[in-house]
Amino acid sequence: MGLAAACELAREGASVALIDQSSVPNSQGASFDHSKVFRFAYPDPFYVELAVDALARWHALEADTGVRLVTQTGALLIGQHRPSFETECYAALRSRGLEAEMLKSNEVAERFPQFNTDSFGYGVYDPSGAILHAETAVRALVGLARQRGAQMTEGERVIGVENAADSRVSIITESGRAISCKHAMIASGPWSRKLLPFLADKLTTTRQEIVYLKPRSERGRFESNAFPIFIELESGFYGFPIHQRGAMKIANHHKGVEVDPNSRDDHVSQQFLDTCRAFFAEFIPALADVHVAETRVCVYNNTPDDDFIVDWHPRADGVLVVTGFSGHGFKFGPTIGRIAADLLISGRTSFNIDRFSLARFNKT
Ligand SMILES: Cc1cc2nc3c(=O)[nH]c(=O)nc-3n(C[C@H](O)[C@H](O)[C@H](O)COP(=O)(O)OP(=O)(O)OC[C@H]3O[C@@H](n4cnc5c(N)ncnc54)[C@H](O)[C@@H]3O)c2cc1C
């Protein structure tokens, strides 16, 4: 989020310094992985519209960087009951005039015979579903920010952001530097509870496990031209077609156990692997004997309502807080970057960001 904002700010001639506690990309950060899901499909038209804006910006970034960041695959939402998340997504997409298909289970079976359609009631197909090549994107944004003149300091932890006597903002780092600036943006991901203690009782950081799996047979049936991104929210499982050295990614969106992002266990549990296999046995039988190629652990940074936080710091003038992306923020990165740049440059944005205000936490 910080990089996306920096690219927008630097393009407009602002003098921008990025400060990260780690090298970028940070392998412990939320944005670090080969891939993230892109989709228009949200039950809430507000996020549908934000996603439509974001996709145009992802494509603009591809043009600006000359790097492919998005691979469109379509997304299949696996539905069990009605009404549900899936039917609400369908209604929200159609209400915005976007393509979406409501498929009976036999229609899913015709199009995607890899699924055991006895295990579900229907599917909602969102053709916008796409793989965002996340790590590639972060590296491309680093290059673009630098090319546009942003300064980058890596390996320097910020320990405080406060107003100085001259009414500027002072950013204090662990090594004792104090950087004076007109405005600051804090986009500290899962570390936000540490840097923003006033949010400590609002944010939770949860441990999420990810596996990359290689099908042992029928690999062609799981390539991106034959197999969609799928999401089955009752179990929480979602996955991608093959896209990373012959492997497909599987993860679970249900919130894991709370962890400190600095002292998490990076080993994926046998229990998680077992539940993945049980999911496949039920929904995608040809994957029941997959081979584990790679495992990862990542940390969600959750707000109580899963809406993001983009608002001014309540105790430090000129400091924008951009956090709480609750496990679904990556796809919106370029739009959030634009919103943050608008606010930092002019104090206003044409996007309606009431949903992202801190004031919502004060309402009962
Ligand atoms: C397992 C997993 C799967 C996900 N899947 C999806 C998906 O499919 N689709 C989707 O849209 N979203 C997804 N998300 C969510 C998405 O990845 C995040 O919402 C997004 O990456 C958050 O970006 P960020 O910039 O807020 O945080 P980060 O990427 O974590 O960046 C924060 C940066 O701040 C730095 N930092 C923190 N504290 C300090 C400090 N004190 N001083 C200096 N630097 C500091 C960190 O080093 C880090 O580089 C997923 C997240 C996870 C964990």
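All ligand and atom numbering here is 1-based and tracks the order in the structure. This structure is a prediction, so every number in the text was calculated from the model and none was measured.
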> For Glu156, is the nearest heavy atom under 4.0 Å from an atom of ligand 1?
Replying inline: yes
> Hey, is Leu195 touching ligand 1 through its side chain, its backbone, both or neither, going by heavy atoms under 4.0 Å?
Replying inline: side chain
>> Are Leu195 and Ser192 packed together at the side-chain level, in the sense that at least one heavy-atom pair is separated by less than 4.5 angstrom?
In response: no
>> Below 4.0 Å, non-hydrogen atoms only: which portion of Ala30 touches ligand 1? Side chain, backbone, both or neither.
In response: both
> Side chain or backbone of Gln28 under 4.0 Å from ligand 1, or both, or neither, by non-hydrogen atoms?
Replying inline: neither
> Just heavy atoms, cut-off under 4.0 Å: does Asp20 contact ligand 1 by side chain, backbone, both, or neither?
Replying inline: both
> Who's closest to atom 27 (O) of ligand 1 heavy-atom-wise, of Gly155, Pro261, Ala5, Gly189?
Replying inline: Gly189
> Does the ring center of Phe240 lie less than 6.0 Å from the ring center of Tyr212?
Replying inline: no
>> For a quick test of reading the model, state the closest non-hydrogen atom pair linking Val52 to Phe40 and the distance between them.
In response: CA-CE2, 3.6 Å
>> For His328, which part has a heavy atom under 4.0 Å from ligand 1: side chain, backbone, both, or neither?
In response: backbone
> What do you reckon, does Gly329 have a nitrogen or oxygen under 3.5 Å from a nitrogen or oxygen of ligand 1?
Replying inline: yes
>> On the six-membered ring of Phe222, is Arg219 placed so that its NZ or CZ lies under 6.0 angstrom from the centre and within 45° of the ring axis?
In response: no
> Distance only, no hydrogens: is a donor on one side chain within 3.5 Å (strictly under) of an acceptor on the other, for Tyr47 and Lys331?
Replying inline: no
>> Residue-level breakdown please: for Phe38 versus ligand 1, do any non-hydrogen atoms fall below 4.0 Å on the side chain, on the backbone, on both, or on neither?
In response: neither
> Taking distance alone, with no angle check, do Arg157 and ligand 1 share an N/O pair under 3.5 Å?
Replying inline: no
> Is the NZ or CZ atom of Arg111 both under 6.0 Å from the centre of the six-membered ring of Tyr125 and within 45° of that ring's axis?
Replying inline: yes
> Does the N or O separation between Lys331 and ligand 1 drop below 3.5 Å for any pair?
Replying inline: yes
> With a 4.0 Å cut-off on heavy atoms, is Pro190 touching ligand 1?
Replying inline: yes
> So which bit of Val299 gets within less than 4.0 Å of ligand 1, heavy atoms only: side chain, backbone, both or neither?
Replying inline: backbone
> Applying a 4.0 Å heavy-atom criterion (strictly less than), which segment of Phe330 is in contact with ligand 1: side chain, backbone, both, or neither?
Replying inline: both
